[in-house]
Novice: 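Handing you a structure now.
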Amino acid sequence: NAGVMQNPRHLVRRRGQEARLRCSPMKGHSHVYWYRQLPEEGLKFMVYLQKENIIDESGMPKERFSAEFPKEGPSILRIQQVVRGDSAAYFCASSPRQGTYEQYFGPGTRLTVT
Amino acid sequence: DQQVKQNSPSLSVQEGRISILNCDYTNSMFDYFLWYKKYPAEGPTFLISISSIKDKNEDGRFTVFLNKSAKHLSLHIVPSQPGDSAVYFCAASGGANNLFFGTGTRLTVIP
């Protein structure tokens, strides 16, 4: 599968637990973006990463949310102490290089906080 | 602050006819525009894009038109097919770091 991979596809967490969402970009892509989609809304940008660097995190909530893209392995979006308002679909996208406008999306992780 | 707007939440079209999906934007710094198609429980799939230096881009049954003075773009699908039924998102970029998405238009193509 040469596409963007995300896991898990569905994640259920109780309030106060931690959620870890993983994203493996397309082969040859070194730029990763995370977006969040709330019900009945469009996708909202959260963070843009390259390997070992956060380039733009202007869309990330200031608390409880963090992201990383290590030298080896997938990109991780981490949400600590989840609340019901964090319930959403989280999409990862990748692109091959800076200056490329087209981003290719994974299938998303649907997070439900109970 | 919604910088990209899709004012029609839904659109129904007969198979074989033209589908026209509209999108407006407010930020004059946007220089690249994209359309994505999304099926339920899947991620958005890139369809077609246009640079702000052009006013039209065509790819098979899909054509995107850009009117910079009106800050308006549209996606034309002709002929429409039942498999085109999906949610269509308009997106815009001002620097390739991130995309600004509209809220989507649900297209239903009636056989």
Novice: Is chain B contacted by the side chain of A:Arg110, its backbone, both, or neither, given a heavy-atom distance below 4.5 Å?
Specialist: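 Neither part; nothing is under 4.5 Å.
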Novice: Please determine if A:Arg13 and A:Glu18 form a salt bridge, counting it only when a charged side-chain N lies under 4.0 Å from a carboxylate O.
Specialist: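 No.
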Novice: Test question: given the 4.5 Å side-chain rule for I, L, V, M, F, W and Y, name all other residues clustered with B:Ile18, or answer none.
Specialist: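 Grouped by the 4.5 Å side-chain rule, B:Ile20, B:Val78 form the rest of the cluster around B:Ile18.
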Novice: Let me know if B:Tyr36 has heavy atoms under 4.5 Å from chain A in its side chain, its backbone, both or neither.
Specialist: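 For B:Tyr36, side-chain heavy atoms alone lie under 4.5 Å from chain A.
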Novice: Between B:Ser49 and A:Glu102, is any side-chain donor less than 3.5 angstrom from a side-chain acceptor?
Specialist: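 Judged by distance alone, the side chains do pair up.
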Novice: Taking the six-membered ring for Trp and the full ring for Phe, Tyr or His, determine whether the centres of B:Phe101 and A:Tyr35 are under 6.0 Å apart.
Specialist: yes
Novice: Under a 4.5 Å heavy-atom cut-off, does chain A meet the side chain of B:Leu99, its backbone, both or neither?
Specialist: both
Novice: What part of A:Gln6 gets closer than 4.5 Å to chain B, counting heavy atoms only: side chain, backbone, both or neither?
Specialist: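 The answer is neither part of A:Gln6.
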Novice: May I ask you to name which of A:Gly42, A:Ser95, A:Ala89, A:Gly106 has the most heavy-atom pairs under 4.5 Å with chain B?
Specialist: A:Gly42
Novice: Is it the backbone or the side chain of B:Gln6 that comes under 4.5 Å from a heavy atom of chain A, or both, or neither?
Specialist: neither
Novice: With a 6.0 Å cut-off on ring centres, are B:Phe46 and A:Phe105 close enough?
Specialist: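 No - the distance between ring centres of B:Phe46 and A:Phe105 does not fall below the 6.0 Å cut-off.
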